[in-house]
Every structure is written in C-alpha cells, then in structure tokens.
Amino acid sequence: MSANYIEELNENQREAVLYNDGPSLVIAGAGSGKTRVLTYKIAYLLESGYEPWNILALTFTNKAAREMKERIAKQVGAQRARYLWMGTFHSVFSRILRAEANSIGFTNQFTIYDSADSKSLIRSIIKEMGLDEKVYKPGAVQTRISNAKNRLIAPTQYAADREIYTDDNAAKMPATRDIYSRYWSRCRQAGAMDFDDLLFYTFLLFRDHPEVLDKYRSQFRYLLVDEYQDTNYAQHAIVLQLSKINQRVFVVGDDAQSIYSFRGANIDNILGFSNTYPNTKVFKLEQNYRSTQTIVSAANSLIEKNIRQIPKSVYSEKERGDAICVFQAYSDVEEGEIVTNKIAEMHRRKGYEYADFAILYRTNAQSRIFEEALRKRMIPYKIYGGLSFYQRKEIKDVIAYFRLVVNPNDEEAFKRIINYPARGIGNTTIGKIVGAAVEHGVSLWEAMSEPLTYNLMISKSTHTKLQAFREMIEGFMSDSTEKNAYDMGSDIIRRSGIMNDVSQDNSPESLSRKENIDELVNGMHDFCAQRLEEGNTNVSLIDFLSEVALLTDQDSDKEGDSKKVTLMTVHSAKGLEFPNVFVVGLEENLFPSGMVGNSHAALEEERRLFYVAITRAEQYCFLSYAKARFRYGKMEFSNPSRFLRDIDICFLQLPEEAGISRQVNANKNVSVPPPRATMKRVSSLPPRPIATSSTASNTSEVTDLQIGQTIEHERFGIGEVIKIEGNGDNTKATIRFRNAGDKQLLLRFARFKVI
C-alpha cells in the first residue's frame, strides 16, 4: 500500500474512509471495492491517532480478517497491525468471555462445543427424558434451540412464550422447552458453550454487568463491521451495546446480497440501520470494478424488482461485453451437456483455463448431472463448499445398502449401515461381531447370521434386532434378482427407513439430504432408461454399482484445484468471482425454490440470491433451464423461472425456440419479457415410465423412422438419424444429437418423436 493510498480511492470510497464524525453505513454494491474501503479506513484511523487496541473490526470469516490485517500491516507495519482487535464475531467474543468468565459463572477454560458435540448432548437428553428420537430428532431440536439463542431467548423465556409453545406443539415437539432447559444447565455444568452461546453470553455479560460494558466501550473507540446484511439479531444487539454511546460505528454491506435468512440473518439490521442510529451518514459504492457493463445492467434490472431495498445505481466502466446467453435444454441431462460443451468450446477457442469457469446451482443435488457430463468430457472439476455428490454421507449410506445387498460380506458397508437408521444396535454389539468374525476368520455377516456357531455373546433382545436386520437384507437380496436397479434402489431407500429418517424435519440440512437422495434415485432412473434404450433389458443393481464405482474414483489432479472447473451452490459463491459463470436450473420451484410459497419476503431473498449469482461473473454469464427435469421419481415439465422475465430483455440473448414473446417497455425504451400469463410453453414429450420387456412397442414410430430425419428426444434433445439397423423389436438407430453427441438407441424403448 502506497503512502498516498487515499488517492487510490474513487470519490465515494474516499468520502467513506475520511468521515469520522458519526455512524457510517457503507452500501457496497457487488465488485465495488468493499474490502479495500474497510482496509484503508482502518489504516486511516491508525494514522489519525487511534491505537490498534482501540479498534474493533468484526468479520464473518477468519480469511477476511486475515487478509485485511495483512493489507493493513503493509501500510502501518506488522507490529501495530498485530494489536488490532480484528476477527470473526465468535473469535472476538470468545476472547472477551475468557477474560470476563468469572462474571458469568464460568472459568476461563470453558470448552466450546461444535455442532456434533451439541447434537450428541441433545440426543443424550432426549433419551434420558424417555422421548421418541424419531419425533424429537436431535437435529431439529438443535435448530430450534439455536434459533432461540440467536434471538436472545433464554430457556425461561422460551418456556413462557405461548407462541413458541404453539409452534413446538404443532411440530409434535412440546417438550422442546424442557430439553432446552436441561441442555442449558448441562452445558453450564460441563463448563461448555456452544457457538450460539458465544454471542448470547456476550450479550448477557454486557447487559448484566454495566461496569464490564463500560470497560469495553472505553477500549473500543471505533467499531467496524463487515457484511452487515448477514448479521442476526444477537450480533446487531451486541454492536448496539458497544457503540450506542460514542456512535463511532462503521458498517459495510449490501442489502441486495442478503441471502442467509435460514441462518438467522436479518435484512432489517441493514435496512433499518439509519433508524437505529439517527445521525447515520450513508455512503454508496456504486462503481463495479468486476463485471462488464452488460452484466451489471442486467443485474440491476433484476434486483430493482425487489421492493424492500436501499436504492442505488450500480454501474461499470469496463467494456460493454456480450449479452447474457440463455440456454434452453430439453432435460436436465441435456442441460449438463450444453454447459459442458460450452466450457470445452471456450477452453479451446478462447484459451480460457478450466479454473476460469464456475457452474452455480440452487441445490447441492444438482451437481450430479454436471459432474457426470464433465467426467465424460474428461474436464477436471472441484466441488466447492461441499463434497462430491457420491461422497456425501447420505449418498454413501444408501450406496452401502446397495453394496451389502449385492455382496453381504462387504465389511465396510456392513459396519456403516448395521445401525443406520438407528435400530438399537450399539457399538458394543458391533465390537462383539467384529471380534467373533476375526477370531473365526469369517465375514461380519456370517458371524451375525450364526451367533451360536461363532460364539457371539449377545442378549436375546440384541439377537432379535440383528436377525431382523439380516432378514431385511436377505429380502432385498431375493428381490434384486427380479427387479431392475431403479426399482430395487427405490425399494431399499423406502423399506430401510432412510427416506423416513431424512424427512422428519424441515431443517436446511435435512432438506438438502432428502434432495440428494431424490437426486440419486433420479440418476438410477436415468441409468436404467439409457441402458434400456441401448438394448440392455436387464439392468441390475450390480450394473449401477459398477458405474458408481467409476464415478467415485477421484483421480488425483497433479495440477491441483487451480486448474479445475468450480461447481458450487450460489450461497457458497458469495464473495467470489470468476471470468465465466453458468447459472443453471433456472426453473420455477427450483430457482426460485418451491419452498417460497406465498411469502413475498422469501421470494425477494431468492431474487437477491439470483442477483448474487449473476454478479459473480466478470466477462461472460450464461443462464440455463430445462423444459423437463426428473424429480421425485418422475419426469416433470418445468416452466422457466420468473426471474428470467425480471431481466430486461435487451441484455439477454434468448434461444429462438424458447417461446418467450417480447414487448416494448415505453418508459425504458427496451424490450422486456411479458407477464407470466403470456409465456408460451414449448411443446415437450410426455413422460413415460421406465420400459420393461413387457411394454408395448410403438411400432409406428419404429417402422416410420428414416435416415436423415430429425427427432426430438426426451432427454437428449434434437438429433438427426444417421443409421438404422436390425428389425422388429431389435431395431436400433444411431442418432447424432446437437449437444449430447452420437447415441445408439433401441427404438422400442426410446422416448422421442419425429419433428
């Protein structure tokens, strides 16, 4: 950082940095240099007479705090920068709590429970209270307790709140208040705090010990907060406690990027900041240094449809850039092919590295289609902020069932699912089975199946549970000889209790797990359908497992992750940027999510999420949607997302066949998409069930098909017939599809129409 660093700032940035006379709200549009302003502000304070320990800077990630501190050190020297109070809310407040532990009845050696510790204790309490764990799911109870703490509701208040009790009662969990009370006491007894406690106890410390609050108010002469739109009620309350008197508070954020309400973030904290601090001076950073003019203008035209926002006019002085290209796919499978082909083309023709591309989706489950398409083209990729689809716990659990049905001697699969879902077979019993198997040189399955033969010392009740498990697996083994992989897989997921286990509550984690399992079933359906079309009429579970084994074989990339396409949810992408971005799955009930319902606030948050997605792109942005998507066990028709109509059409390059008519908006002199009622759905194929050998052949389609004809296939889209061979039920056609390449299809099972 140069000595004249202030001169590096644009006019609005400079004003925000130099103003020190009262509360400051900096509205930082996407790509507007937010981190630079925060960094230079702190450097300026240090050069204006503030000591580093007089400055408290709160962030949401350790990475952000570390990067800012490094930049500041270059300006003021590492020695001064190291004494700054800079870090995440949780790290800074835990430091304060350790120093003041005696005031709140703890020692300074208190333990911090992570989410797993917290859930384990809640599970123990549920068992001790004799409650049904299938009703009082530990994860669901944990979410309710966490939400209460983030709203600064203590157990006594929770128990006395009639509205909360009504909600718990409706969820058939009226004893949650008693669990919360015991959990609170047990944590204190154990000298432990969970992550939410670090906020809650800081608030209580300052509220109940004014002398402690005065000490920190005097110490922290200036308070800065990053990403203020992401603060929850507790964080907002603590910031107010510390800054209410001296009013030296500087918060930075963008209401248009408030996307974490499911974590407790409250957009009202930033929208109402000027009401909380009446003398607030607002600074707007409106120049976007990241994206082309077209991308910025398109994003503006989208977000202006939100009613609750702080008005701003973001602009770019970079090149105008190309229009945002919208891709229409016949199915989710073809969407994967289209996106992958475009990446390959831009890599080849424009010289982009694979790391210059990001594929952003609304839900983790959508990654599967793109992973498989990228693998087929041998394009390296990485999953950001999450595991590869087939490495996710819930998917590995299901696959373990499949593996055990195919091979009951598979030890790792056995150990993984013997007590999942929970069936009362504990670690002690598993240890005995392992011991007996090792002693007699047999598999775990054999030791369990014949406990007397292998001296397995277990109680009668444990024996009953083990035999029930054995009979269930043997039932699956018997059925697997008669059923195809899709039918068998669906049956196992249902009868094993897995789907019931992940559907017990509506926490974000449970919904994500359910979506992932649904997507696995979709993949099995697709696998069977494709094999049938290729002429393989007996597609078994072992065939699917063989395919999955290849997909989960993560070959090491010697060039490292820096050379890979990035796949991630839009939530994970916030704060990042890429030269080229694909935002996929832009369909109603997917993006925006079907969970929105009639909630206007939820719809506006979904629109902000889409705004975040678009503004990650520097040079090229691509949007895609599928006309049909396999979901919940069947092919469903999809309508394009309403958000596509929120973007002024002059910034889009629409597919000719999209059926989206255009009209002129006289006020803006640009073309905009029409209201929803005039949207025309493109004709698409009706879904058919997976065919079996007994399915009636569509003889007219088979006999009429000729080389050179163009067909429309349900999953692969438009293609040309280039070869026909065989006759009758064995007739096959080779089709050259526009996006999916050459496919050989067994016509009696193929799902297409001639166009």
Side-chain angles (χ1 to χ4, degrees), residues 1-29 32-59 64-65 67-77 79-87 89 92 206 213-229 231 235-236 238-255 269-270 272-287 310 312:
M1 205 182 289
S2 67
N4 297 321
Y5 63 92
I6 296 296
E7 300 306 314
E8 299 174 22
L9 302 170
N10 66 35
E11 185 178 349
N12 288 1
Q13 292 173 334
R14 191 180 306 119
E15 286 181 5
V17 167
L18 297 180
Y19 179 77
N20 282 338
D21 295 333
S24 299
L25 170 61
V26 180
I27 300 300
S32 63
K34 167 180 70 70
T35 303
R36 169 178 280 200
V37 168
L38 264 172
T39 303
Y40 286 20
K41 177 73 175 184
I42 294 170
Y44 179 70
L45 290 172
L46 290 171
E47 292 185 351
S48 301
Y50 285 86
E51 296 296 342
W53 49 86
N54 294 145
I55 298 171
L56 172 60
L58 298 169
T59 66
E67 288 179 356
M68 282 198 285
K69 192 172 281 191
E70 287 171 358
R71 290 199 206 181
I72 294 164
K74 291 178 182 176
Q75 173 62 24
V76 301
Q79 190 64 21
R80 294 201 77 201
R82 65 184 292 221
Y83 290 108
L84 286 165
W85 277 66
M86 178 180 286
F89 282 87
V92 168
F206 291 158
L213 176 58
D214 286 343
K215 180 173 82 172
Y216 286 99
R217 276 179 176 166
S218 299
Q219 178 178 336
F220 300 136
R221 295 173 54 205
Y222 216 104
L223 178 58
L224 304 96
V225 187
D226 190 15
E227 304 284 15
Y228 205 72
Q229 77 280 351
T231 54
Q235 289 161 331
H236 177 71
I238 297 167
V239 169
L240 184 58
Q241 284 177 316
L242 287 168
S243 61
K244 190 172 185 179
I245 301 300
N246 68 21
Q247 298 275 301
R248 295 293 190 269
V249 58
F250 181 94
V251 305
V252 182
D254 183 6
D255 56 293
N269 292 348
I270 192 167
F273 188 84
S274 295
N275 295 326
T276 305
Y277 298 87
N279 298 319
T280 296
K281 186 169 177 61
V282 178
F283 303 90
K284 296 180 181 179
L285 309 185
E286 296 173 311
Q287 182 172 356
I310 297 171
K312 54 189 160 299

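Just so it is clear, the model here is predicted, and its values are computed rather than measured. The chain is numbered in sequence order, starting from 1.
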So, using side-chain hydrogen bond (donor to acceptor under 3.5 Å, both in side chains) as the criterion, who are the partners of [X] when residues are at least two apart?
X	answer
T231	N269
N54	none
Y216	E100
T276	none

Mind listing the closest non-hydrogen atom pair of [X] and [Y] along with its distance?
X	Y	answer
V239	S243	O-OG, 2.7 Å
T39	R71	CG2-CB, 3.4 Å
G87	A65	CA-CB, 3.8 Å
G253	I270	C-CD1, 3.8 Å

State whether K312 and D254 are salt-bridged, where the test is any N-O pair (Lys NZ or Arg NE/NH1/NH2 against Asp/Glu carboxylate O) under 4.0 Å.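 Between D254 and K312 there is a salt bridge, with a charged N closer than 4.0 Å to a carboxylate O.
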
Are the charged groups of K281 and E15 less than 4.0 angstrom apart, N to O? no

Name every donor-acceptor pair, under 3.5 Å, that has one atom in a side chain of residues 16-28 and the other anywhere in the protein, sequence neighbours excluded.
from	atom 1	to	atom 2	distance (Å)
N20	OD1	K41	NZ	2.7
N20	OD1	Y222	OH	3.4

Rounded distance [0.5 Å steps], [atom1] in [X] versus [atom2] in [Y]:
X	Y	atom1	atom2	value
T35	M68	OG1	CE	6.5 Å
W53	R221	CH2	CZ	11.0 Å
L223	R248	CG	CZ	12.5 Å
I310	Q229	CD1	CD	10.0 Å
S32	E286	OG	CD	9.0 Å

With [X] via side chain to side chain contact (heavy atoms under 4.5 Å, CB included) - residues at least two apart:
X	value
N10	N12, Q13, Q287, Y289
K244	R217, L240
E70	R66

After noting the C-alpha distance and the side-chain angles of V249 and F273, does the key distance pass the side-chain contact (heavy atoms from CB on, under 4.5 Å) rule? CA-CA 11 Å; V249 58; F273 188 84; 4.0 Å; yes

Take L46 and R80 through the side-chain contact (heavy atoms from CB on, under 4.5 Å) test and state the conclusion after the steps. CA-CA 9 Å; L46 290 171; R80 294 201 77 201; 4.0 Å; yes

So, using salt bridge (charged side-chain N to carboxylate O under 4.0 Å, His left out) as the criterion, who are the partners of K69 when residues are at least two apart?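 K69 satisfies salt bridge (charged side-chain N to carboxylate O under 4.0 Å, His left out) with no other residue.
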
Residues passing the salt bridge (charged side-chain N to carboxylate O under 4.0 Å, His left out) test with K284, sequence neighbours excluded, are none

With M86 as reference, evaluate L56, L58, V92, I72 under the side-chain contact (heavy atoms from CB on, under 4.5 Å) test and give the passing residue.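 The side-chain contact (heavy atoms from CB on, under 4.5 Å) with M86 is passed solely by I72 among L56, L58, V92, I72.
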
Looking at side-chain heavy atoms only, is the closest gap between Y228 and H236 below 4.5 Å? yes

Ring pair (Phe, Tyr, Trp, His ring centres under 6.0 Å) partners of Y44, counting only residues at least two apart: none

Could you list the residues that satisfy ring pair (Phe, Tyr, Trp, His ring centres under 6.0 Å) with F250, not counting sequence neighbours?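 F250: no ring pair (Phe, Tyr, Trp, His ring centres under 6.0 Å) contacts found.
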
